Amino acid sequence: MVLKNEDGYELWLRYNLIEDEELLASYRQQVTHIKFNANTPIEAAAQAELERGLDGLLGPEQDWIEKPSLNGAVVCGTPTSSGFIDTLDLKELASVGDEGYVIKRHKMDVHTINVIAANTDKGLLYGVFAFLRLLQTHQSLDGLHIVSAPKVKLRMLNHWDNLDGTIERGFAGHSLWDWHKLPHFISPRYTDYARACASIGLNATVLTNVNANALILTEPYLHKVAALAEVFRPYGVQVFLTARFSAPMEIGGLSTADPLDADVAAWWKDKVDQIYNILPDFGGFVVKANSEGQPGPHDYGRIHADGANMLADALEPHGGICIWRAFVYDADVKEDRFKQANSQLVPQDGTFKKNALLQVKNGPIDFQPREPHHPLFGAMPKTPLMLEVQITQEYLGFATHLVYLAPLFKETLNADTYCDGAGSIVARVVDGSLDGHDMSGMAAVTNIGDDRNWCGHPFAAANWYAYGRLAWDYELSSEQIADEWLRMTFSNDEQFVKTAIKMMIDSREAVVKYMMPLGLHHIFEVGHHYGPGPWVDGIRPDWTAVYYHQADAESVGFDRTATGSDAVSLYNPPYRDQLANVDSCPENMLLWFHHVPWDYRMKSGRTLWDEMCLMYQEGVDDVRQMQQTWQSLEGKIDTARYKHVSDLLMVQEREARWWRDACITYFQSFHGKPIPDGVEPPEHDLDYYRSIVHYYVPGIPERRFGKIGSN
Ligand code: BDP
């Protein structure tokens, strides 16, 4: 059978007719009609989605209009919106809060109904999407009983979108937000974006780049923002904006942005009042300050908490929050960049206002293929810490490489901070349970653009999906999430799903191996971060590669033990001790923490140099394996998407070789040791790799080069 070509626009919400006839017949018996009296816009959206989903999955010839017999009904409601749900007296609702839901098959005399219930309309919306997911992934409805609630409150996307339509680190086209035509033209895509977010439980979005433009806070733009918020509201997606700290000067005519200046505080208060006037359910601000050239409280001799608290004060009367980013480091500070956020922020623990949160990247440097968890987690018990991850693959091969990120996200979430004994994992810091915080959240830098398939690579949407699912429930396994996504996105063919899951799971380790094995980090080409640049030097040190790998004729790696920068001391024992000792430091993080001789003996018995070369080779081999795996799946999905992936895998293989050869020739130039057997000899010499230049690489708006240099 030839499958109809698809372009990926539908994402995981395809709702194609269930092809397995037996299953279709049984679903049609179990799901016969909908009993749903929508009372709110969110409930109306949920009802429309349910009808749309069932139309597609079970066939449009079905008629979902309420029937006299209850058998097979999908009964949806909250105890307040539906008398029927109220009479069911569902005890489980007590445990699902205001966003969770209950789905169950419920027997009533001779009838069995499908119940989707929640305490609020929003919970109901999530319940509807979860119910559809069960059908999309061919789950049995027999004995169904699901009680689900999100583990963190704010489940947020961060768009690094500029007002000129470019996206910082965006590799899937231009911004979705058509600022020029807003608020008048409302693209249907905005609704589909919100549907996709809601389907995985995301409830907040930051529309603008953290390298912020104050214009977004001017009235004309606020009306554009409000128009987007109106589309997102029925899907429970709340809008946030980034606030440029110097806005009082740039658009307010003040001569200072000092957070302790009364006029500045008053200006922000007025600005916030104006925002809420235009957009009553505005979420609040996300702020990048005193980092990579952005303005901030340090410009006036103040501290981060001064800045965050001023904004939090302005937002507080409206129920808004201020999210302050912990990605702070300074070129003029000589301290290891790894340590700077802790040095700056830990002393301020306990001084932030109640409606302020700190947003902390998963690792201490910057979204590398592998990083140790950020040592701020576990070090600021009095402050709610949000986790920030990056879905867009700035350091993972852009939208060209197939890399499934759930294992990376979970590695951080499961990392033990030991801040309150064993088991104090990052996830428990983030969900607020460890330190008793009411506010909690996760944020992710998106990979979404206006490419027809949203995220560029046909597999890149898996990372948007996985992030949402993990923000809802970080205990889900990477395999389960991949399984769901593959079934909904491509096919329920068991062989396809089984084979593709393995390819996805293995893809993260592959990229670590062919880019930066054994704990090498930040050895990208400067600025755009496309491809290898282990030789990068001559700019501010903390943006060079040589700062991070410290290679010389004898050894390589960053000594972060007591004999070096002592960043290990930021971690709690026993993890600290494990890292500090070269013999117990996990080998996949060795060069993050140790400066070791090239002939250091690895656990395998090989020298570090040989092991490094072999790892690079393994990374290339892994990509070749992915190619073969994908070839074995030809015919199981439509040709268009099959070919798109195989073409990109070809690029990925070529680039994996580029990484291997560039890095091996570079590091070899320090010591001249031979490349071990089993590693393909580099195609070119080092000069060749060093001379490669790429122009107009996506994701790096040109103005950044001119204005603030480039990292
Ligand atoms: C780095 C990016 C840069 C961002 C910065 C940030 O290279 O473009 O502005 O992070 O998170 O990863 O603020």
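Here the structure is a predicted model, which is why all the values come from computation and not from measurement. Counting starts at 1 for both ligands and their atoms, following the listed order.
- Those atoms of ligand 1 with a heavy atom of Lys361 less than 4.0 angstrom away are 1 (C), 5 (C), 6 (C), 10 (O), 11 (O), 12 (O).
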* To do: Show the numbers, then the answer: is there a ring pair (Phe, Tyr, Trp, His ring centres under 6.0 Å) between His373 and Tyr575?
  => CA-CA 11 Å; His373 70 270; Tyr575 191 51; 5.5 Å; yes
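- For the residue pair Thr446 and Tyr467, no side-chain donor N or O sits within less than 3.5 Å of a side-chain acceptor on the partner.
- The ligand atoms of ligand 1 that sit less than 4.0 angstrom from a heavy atom of Trp160 are 4 (C), 5 (C), 6 (C), 10 (O), 11 (O).
- Within the cation-pi definition used here (under 6.0 Å to the ring centroid, within 45° of the axis), Arg302 does not qualify as a partner of Tyr300.
- Residue Asp366 has at least one N or O atom closer than 3.5 Å to an N or O atom of ligand 1.
- Both tests pass for Arg189 against the ring of Trp454: distance under 6.0 Å to the centre and angle within 45° of the axis.
- Judged by the 6.0 Å and 45° rule, Lys151 forms a cation-pi pair with Tyr474.
- Geometrically, Arg337 engages Tyr329 in a cation-pi contact, judged by NZ or CZ lying under 6.0 Å from the ring centre and within 45° of the ring axis.
- Residue contacts with ligand 1 for Asn211 involve side-chain atoms from C-beta outward but no N, CA, C or O (heavy atoms, distance under 4.0 Å).
- Near Glu394, the atoms of ligand 1 lying under 4.0 angstrom from a non-hydrogen atom of the residue are 1 (C), 2 (C), 7 (O), 12 (O).
- Atom numbering of ligand 1 starts at 1 in the shown order; those under 4.0 Å from a heavy atom of Phe327 are 5 (C), 6 (C), 10 (O), 11 (O), 13 (O).
- Against a heavy-atom cut-off of under 4.0 Å, Val210 is close to the following atoms of ligand 1: 13 (O).
- Atoms of ligand 1 found under 4.0 Å from any heavy atom of Lys288 (numbered from 1 in listed order, with element): 4 (C), 5 (C), 6 (C), 9 (O), 13 (O).
- Across all non-hydrogen atoms, the minimal contact from Val536 to Trp543 is CG1-O, 4.1 Å.
- Within the structure, the closest approach of His529 to ligand 1 falls below 4.0 Å when heavy atoms are considered.
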